[in-house]
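Counting from 1, the numbers follow the sequence of the chain as shown.
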Amino acid sequence: MLNTALSKLLIAAAALITGIAAGYALSSWRSAPGDHATHAATNGAGPAAPAAPASGERRVLYWYDPMVPSQKFDKPGKSPFMDMMLVPRYADEGDTSSGGVAVSSQTTQSLGVRLATVERRPIGAAIDAVGSVQLNERDIAIVQARTAGFVERVYARAPGDVIAAGAPLADLLNPEWLAAQQEYLAVKRTGEIALTQAARSRLTLLGLPAALIEQAERTDTAVGVQTITAPIGGVIAELAVREGMTVAPGMTLARINGLAAVWLEVALPEAQAATMRPGQVAEARLPALPEQIVKGRVAAILPEANRDTRTLRLRIELPNPGFRLRAGMFAQVTLRGPQREALVVPAESVIRTGRRAIVYVADAPGRYRPLEVQIGEQFDDRVVVRQGLQAGQRVVASGQFLIDSEASLQGVRPGETTATAASAYQARGTVVDIEADSITLDHEPVPALKWPSMTMPFKLAEPALAKGLAKGQRVEFGFVKQGDDWVLTHAAPVAAAVPSTPARAASGVAQ
């Protein structure tokens with residue numbers, strides 16, 4: 001019995017020891033880095049570098065709350081903001097701190113993401129519009145009576161008739177002109193040269209046409225009836241004489257509008273009209289002339305906009321051989337401006353928020369970065385990019401709105417494009433050397449650029465940036481890429497200085 005009891009005691013002890021060992025092993029395994037359920041998130045001064053993963057495991061950059069993606073944590077655990085576990089950001093997914101968003105190849109395919117290349121190409125304003133033909137108000141002739149008289153005959157004319165230059169309009173009897181001619185002919189018969197010249201000058205001052213005076217001299221007969229003719233060819237816009245009526249000096253008898261050239265008035269939106277200039281070529285197609293394209297030029301851009309339609313009127317001058325173009329005709333117009341070189345992207349690739357324009361640049365397969373750009377006018381399906389992009393870059397032309405939604409969830413913001421934008425990158429380091437236009441720093445890793453710790457020189461944006469700094473001093477600095485140089489934009493001392501380690505000093509200078 002004693003032996004049996006001792007055996008049971010030994011078996012129980014062995015089971016207890018085995019259980020303790022298994023519990024310890026399980027506890028050690030669950031406390032290893034990478035578990036999401038045990039460690040709470042910490043709020044230290046900054047995320048510490050996660051422990052190196054075992055071979056074949058994915059390396060974690062940091063943990064974050066998907067609802068507050070801008071806040072990063074160096075350990076897994078429960079989110080302090082929401083009732084949920086923190087999510088790891090792996091190295092192979094990329095780090096969004098550089099302003100980009102990573103999208104897997106499967107997601108890219110399901111979103112139907114399509115890329116387009118930023119191109120530099122010749123562009124020109126080619127705007128299609130409609131207009132109506134108007135009479136040329138610069139080509140008008142006014143026919144007036146030069147002396148008092150009576151209308152003896154009116155030729156078969158009416159407003160709207162198209163007549164040629166020299167066509168008769170009316171016959172006027174001018175008593176004053178008749179008396180002056182008779183006096184001139186009487187003086188001329190006396191042979192007094194001086195008196196004859198004076199009498200002839202009086203005829204000219206009374207307004208007699210030279211042809212009428214020559215006719216009186218040639219026939220030695222006074223001409224009492226004058227035929228009023230059209231000075232130009234065109235359309236009779238106004239005819240104010242009737243047979244038997246009395247006319248006074250300066251009275252308007254007729255108004256004739258020339259038809260050698262006509263106007264084509266086109267209404268354009270303000271944005272399109274701003275690109276137009278006088279002298280630009282215009283092509284008009286009219287239903288009345290289906291086989292002919294009439295080419296003209298922009299004569300003027302009228303200074304007053306229509307307050308109801310917010311449009312500006314363009315006046316195009318068109319030639320009118322054969323008087324085939326008539327007022328009121330409808331025309332389709334193509335306006336062509338001068339060609340110039342410009343950067344263009346597909347208009348569909350630009351996200352317009354009302355306050356700014358954003359495009360998504362593809363930095364790598366599955367890697368997209370939002371960038372604020374300044375856009376100009378649009379030509380067909382392309383829009384001009386004035387600032388923010390370079391030729392050869394790839395932008396998202398389809399699916400960018402879904403990528404933008406993902407970027408908003410991850411807290412990714414568009415990069416600045418102006419010269420006053422904040423520094424693109426931030427880091428800490430130790431001053432190694434200071435020169436007149438540069439400073440050498442032994443800096444910590446820069447995840448946004450995938451830089452390890454290294455010693456390298458930075459150009460100074462301003463010499464005053466090095467003022468107050470000394471060798472061996474610990475600084476926090478910002479820098480940007482300008483051409484082939486990395487330029488320091490600001491540097492400020494930090495509380496404690498950490499000396500460089502031999503391993504970091506041996507890492508070399510960046511190329």
Side-chain angles (χ1 to χ4, degrees), residues 125-145 154-170 228-242 250-270 272-337:
I127 300 174
D128 292 327
V130 295
S132 60
V133 178
Q134 308 285 339
L135 294 177
N136 188 346
E137 296 293 334
R138 293 197 181 105
D139 190 10
I140 292 180
I142 302 295
V143 181
Q144 292 182 327
V154 176
Y155 290 82
R157 310 294 183 198
D161 288 350
V162 177
I163 59 175
L169 298 174
I228 306 297
T229 59
I232 63 172
V235 59
I236 299 177
E238 180 183 350
L239 185 63
V241 292
R242 293 293 182 269
M251 177 180 174
T252 299
L253 306 180
R255 185 167 65 92
I256 302 173
N257 214 129
L259 294 176
V262 295
W263 286 346
L264 182 62
E265 290 203 352
V266 178
L268 290 180
E270 296 176 6
Q272 292 183 341
T275 65
M276 297 291 102
R277 297 291 183 272
Q280 288 185 208
V281 176
E283 297 178 352
R285 297 170 176 83
L286 297 94
L289 306 173
E291 304 297 330
Q292 184 178 358
I293 297 178
V294 183
K295 293 187 177 181
R297 293 188 177 275
V298 177
I301 302 173
L302 302 189
E304 186 175 358
N306 187 303
R307 299 184 180 182
D308 297 327
T309 61
R310 308 310 307 164
T311 57
L312 286 173
R313 287 188 299 157
L314 268 67
R315 182 175 291 162
I316 301 169
E317 189 168 314
L318 299 177
N320 188 21
F323 299 167
R324 299 183 65 186
L325 300 181
R326 304 297 177 92
M329 283 185 173
F330 174 82
Q332 293 180 332
V333 187
T334 300
L335 297 163
R336 302 188 183 279

Under a 3.5 Å distance rule, please check whether Arg255 uses its side chain to pair with a backbone N or O of Thr252 as donor and acceptor. no
Side-chain heavy atoms of Val143 within contact of Ile228, under 4.5 Å: yes
How many angstroms lie between OG1 in Thr334 and CD1 in Ile127, if you round to the nearest 0.5 Å? 10.0 Å
Compare every heavy atom of Arg157 with every heavy atom of Pro168, then report the nearest pair and how far apart it is. O-NE, 3.1 Å
Go through the steps to decide whether Tyr155 and Leu169 satisfy the test side chain to side chain contact (heavy atoms under 4.5 Å, CB included), and finish with yes or no. CA-CA 5 Å; Tyr155 290 82; Leu169 298 174; 5.6 Å; no
So Val235 and Asp161, side chain to side chain contact (heavy atoms under 4.5 Å, CB included) or not? Walk me through it. CA-CA 5 Å; Val235 59; Asp161 288 350; over 6 Å; no
Please give me the minimum heavy-atom distance between Leu335 and Ala282, naming the atom from each residue. CD2-CB, 3.7 Å
Flag if over 12 foreign heavy atoms under 6.0 Å of CD, Glu304: no
So, taking the atom named CG in Leu259 and the one named CG in Leu135, what distance separates them when rounded to the nearest 0.5 Å? 6.5 Å
Does Leu289 form a side chain to side chain contact (heavy atoms under 4.5 Å, CB included) with Val294? I'd like the steps, not just the answer. CA-CA 9 Å; Leu289 306 173; Val294 183; 4.3 Å; yes
Do Arg326 and Val133 have side chains that approach each other closer than 4.5 Å (heavy atoms only, starting at C-beta)? no
Partner residues of Pro159 under the side-chain contact (heavy atoms from CB on, under 4.5 Å) criterion, sequence neighbours left out: Leu239
How far apart are the closest heavy atoms of Ala288 and Met329, and which atoms are they? CB-CE, 3.8 Å
SB check Arg285 Glu283 (cutoff 4.0 Å): yes
For Pro321 and Pro319 the tightest heavy-atom approach is CD-C, 3.5 Å
Kindly compute the distance separating CG (Leu325) from CD (Gln292), expressed to the nearest 0.5 Å. 7.5 Å
If you measure from CD on Glu238 to CD1 on Ile236, what distance do you get to the nearest 0.5 Å? 11.0 Å
Looking only at heavy atoms, the pair that brings Arg277 and Val298 closest together is O-CB, 3.8 Å
Test log, rule side chain to side chain contact (heavy atoms under 4.5 Å, CB included), inputs Val130 and Val266: CA-CA 6 Å; Val130 295; Val266 178; over 6 Å; no
side-chain hydrogen bond (donor to acceptor under 3.5 Å, both in side chains) contacts touching residues 256-266 (sequence neighbours left out): Asn136-Trp263, Glu265-Arg313
Pick out which of Leu314, Thr311, Leu312 makes a side chain to side chain contact (heavy atoms under 4.5 Å, CB included) with Leu268. Leu314
Would you give the length of the straight line joining atom CD of Gln134 to atom CG of Leu264, rounded to the nearest 0.5 angstrom? 8.5 Å
Where do Ala230 and Ile163 come nearest, in terms of heavy atoms and distance? CB-CD1, 3.5 Å
Under the side chain to side chain donor-acceptor pair (under 3.5 Å) test, residues paired with Glu270 that sit two or more places apart: Arg310
About how many Å separate CZ of Arg297 and CD of Glu317, when rounded to the nearest 0.5 Å? 11.5 Å
